[in-house]
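Reading through the structure tokens given below for one structure.
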Amino acid sequence: MSPERRCPILIVGAGPVGLSLALALGRAGLPAEVFEMESALNTQIRASTFHPKTLELFQEWGVVDEIIARGHKVQRLQYWERSPRRLIAEFDYACIANDTPYPYRLQCPQHIATRILMPAAAAAATVTIHMGHRLIAFKDDGAHVTAQFATSQGVIERRGSYLVGADGSHSAVRKQLGISFQGKTYEDRFLLIGSDLNTQDIFPGAAPVCYVFDPREWVIILNLPDITRVVFRMSQNEDEQFAMDEERLRARIAGFFGEVPPYTIKTTQLYRVHQRVADAFRVGRVALVGDAAHNNNPAGGMGMNSGIHDAANLADKFIRIWNGESDRILDDYARERRQYALESVQLYSDQQYRNMVVSTAEERQQRNRQLAEAARDPIKARAYLLRASMLEERI
């Protein structure tokens, strides 16, 4: 029996991407071990959008019903002008009902999804998940990979057939490989306020997901089952400590919505956004997936989704290797997913961001006209939503 079939695939990182990979491998009967440096799954506010293509994968892996039950179906996607406030375009997901069994965008916090993915993956007889295991180093000797992990019981060593870095944008795996992570950091800072406000009550006509254009302070609204996230663009010279003061946060909400009923701020977050792609997604017996391989701004909700699609593609390649194909097909994984990150995800998410920030009257009129025309034309609306749903191959 070949080394590939004797040793498990080692997965570094128990986020949605690493757990999706483990689940896909486990359902196919392949051995996998997941190593997460934290002692418990993350609870921070992170990604929350699942597109139809991802839901199709969850259906294949047997978890879609549970994830849908914990999320909020969004069947309309809207774009507004802030001043004067008016609806520019509304896209109804019903126009792709013949293209996918999941014609909607599901809003479900990442930390809820991982708590569904982890037990599903762990239920597979061939999958083991280790929490509190921080990668120290690894060595690829050509026949297998040996990795060392720091644990509360000391350093342990594991041998695997392959090693996969699903350990986020600060990936220790990518750094040890010495792979460059080229790209840019956006000048804008994003301020997220999570509260129990029902924005549909205080924003007449609003859909659960709205992008509100404004050259000074654009806004993104995301209604989830247990929280509403409102993201504001911060001005370049704005002091971060001042912006995060609760009185200032509430003034910001009031400045956008007007008078609002009493509400509780549940969480806040201030962050910068990067757009980067690793120079290589595979070196020998080591591969990168998700944020370890590519980073993009969240305007289109594609970061986590494209990472899960990486996992699906890589799992398919591993299954074929287990069935006797040469592991040269891992080069196909690296080429396919890097090309998609560069030519599809990065371009789309960057365009979404640029739509938010255009400032001249001519640019804004052109953007609004293009979106309105696409929303009114059934053929263009279908193409737009397939692209937004990461199903562009079905156009």
Side-chain angles (χ1 to χ4, degrees), residues 43-52 55 65-94 102-113 115-116 190-214 216-234 243-271 298-301 304 352 356 371 375 385 388-389:
T43 59
Q44 292 179 355
I45 285 191
R46 294 190 176 178
S48 64
T49 297
F50 291 98
H51 291 304
L55 297 177
D65 290 340
E66 191 172 356
I67 288 178
I68 289 174
R70 300 293 302 278
H72 181 67
K73 294 179 183 179
V74 175
Q75 291 160 327
R76 293 178 296 143
L77 180 61
Q78 290 183 342
Y79 297 95
W80 292 72
E81 272 280 19
R82 178 169 179 175
S83 181
R85 183 171 295 180
R86 61 188 179 90
L87 179 64
I88 299 167
E90 177 177 285
F91 293 88
D92 190 335
Y93 279 86
Y102 306 103
Y104 46 82
R105 167 177 171 159
L106 187 78
Q107 297 302 139
C108 176
Q110 171 182 320
H111 67 271
I112 290 178
R115 283 161 174 77
I116 296 170
F190 291 55
L191 172 61
L192 183 152
I193 304 174
S195 73
D196 57 4
L197 274 174
N198 184 339
T199 61
Q200 292 170 288
D201 290 342
I202 57 177
F203 189 162
V209 173
C210 297
Y211 294 86
V212 184
F213 299 140
D214 184 85
R216 292 182 300 277
E217 187 185 56
W218 49 255
V219 180
I220 303 173
I221 302 171
L222 301 169
N223 283 272
L224 281 71
D226 60 347
I227 195 171
T228 296
R229 299 182 183 183
V230 183
V231 181
F232 294 91
R233 177 194 195 183
M234 287 184 61
M244 296 294 281
D245 178 78
E246 182 169 348
E247 183 177 346
R248 177 59 189 154
L249 294 171
R250 291 184 177 275
R252 204 165 209 134
I253 290 286
F256 179 76
F257 290 105
E259 186 177 350
V260 297
Y263 65 96
T264 300
I265 295 177
K266 295 185 174 183
T267 186
T268 58
Q269 189 175 346
L270 197 157
Y271 56 96
M304 174 177 62
Q352 289 289 95
M356 302 293 291
L371 285 169
L385 281 178
S389 301

Not counting sequence neighbours, list each pair that qualifies as a salt bridge (Lys or Arg N to Asp or Glu O under 4.0 Å) and has a residue in residues 68-83.
-> Arg76-Glu90, Glu81-Arg364, Glu81-Arg367, Arg82-Glu217

Report yes if some heavy atom in the side chain of [X] is under 4.5 Å from a heavy atom in the side chain of [Y]; otherwise report no.
X: Asp214; Y: Phe232; value: no
X: Tyr102; Y: Ile68; value: yes
X: Thr228; Y: Asn198; value: no
X: Pro261; Y: Ile202; value: yes
X: His72; Y: Leu222; value: no
X: Gln110; Y: Met304; value: yes
X: Pro109; Y: Leu224; value: yes

Audit row: Tyr211, Ile88, side-chain contact (heavy atoms from CB on, under 4.5 Å) steps and yes/no = CA-CA 10 Å; Tyr211 294 86; Ile88 299 167; over 6 Å; no

Among side-chain atoms of Thr49 and Gln107, is any donor-acceptor pair under 3.5 angstrom?
->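 A donor-acceptor contact under 3.5 Å links the two side chains.
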
Say you draw a straight line from [atom1] of [X] to [atom2] of [Y]; how long is it, rounded to the nearest 0.5 Å?
X: Glu66; Y: Arg115; atom1: CD; atom2: CZ; answer: 13.0 Å
X: Ile112; Y: Thr43; atom1: CD1; atom2: OG1; answer: 11.0 Å
X: Met234; Y: Met244; atom1: CE; atom2: CE; answer: 8.5 Å
X: Thr268; Y: Arg229; atom1: OG1; atom2: CZ; answer: 12.5 Å
X: Thr267; Y: Ile227; atom1: OG1; atom2: CD1; answer: 6.0 Å
X: Leu385; Y: Arg105; atom1: CG; atom2: CZ; answer: 10.5 Å

Identify the two heavy atoms, one from [X] and one from [Y], that lie closest to each other, and give their separation to 0.1 Å.
X: Ser389; Y: Tyr93; answer: OG-CE2, 3.6 Å
X: Cys210; Y: Trp80; answer: SG-NE1, 3.8 Å
X: Ala375; Y: Ala89; answer: CB-CB, 3.9 Å
X: Phe257; Y: Thr199; answer: CZ-CG2, 3.6 Å
X: Leu371; Y: Phe91; answer: O-CZ, 3.7 Å
X: Phe50; Y: Cys108; answer: CE1-O, 3.2 Å

Proximity of Trp218 and Phe190 rings by center, below 6.0 Å =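 Between Phe190 and Trp218, which both carry aromatic rings, the centre distance is below 6.0 Å.
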
Those residues that, when tested against Glu246, pass salt bridge (Lys or Arg N to Asp or Glu O under 4.0 Å) (two or more places apart) =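 With neighbours one apart ignored, the set is Arg250.
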
Between Phe203 and the options Val212, Val219, Val260, Leu197, the side-chain contact (heavy atoms from CB on, under 4.5 Å) test singles out Val212

Hey, does the side chain of Gln78 reach the backbone of Ala207 with a donor-acceptor pair shorter than 3.5 angstrom?
-> yes

Look only at the side chain of His51 and the backbone of Gly301, and say whether a donor-acceptor pair between them is shorter than 3.5 Å.
->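 Such a contact is found between His51 side chain and Gly301 backbone.
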
Apply ring-ring contact (aromatic ring centres under 6.0 Å, His included) to Phe213 and list each qualifying residue two or more places apart in sequence or on a separate chain.
-> Tyr79

How far apart are the C-alpha atoms of Val74 and Tyr104, what are their side-chain angles, what is the distance that settles it, and do they pass the side-chain contact (heavy atoms from CB on, under 4.5 Å) test?
-> CA-CA 6 Å; Val74 175; Tyr104 46 82; 5.8 Å; no

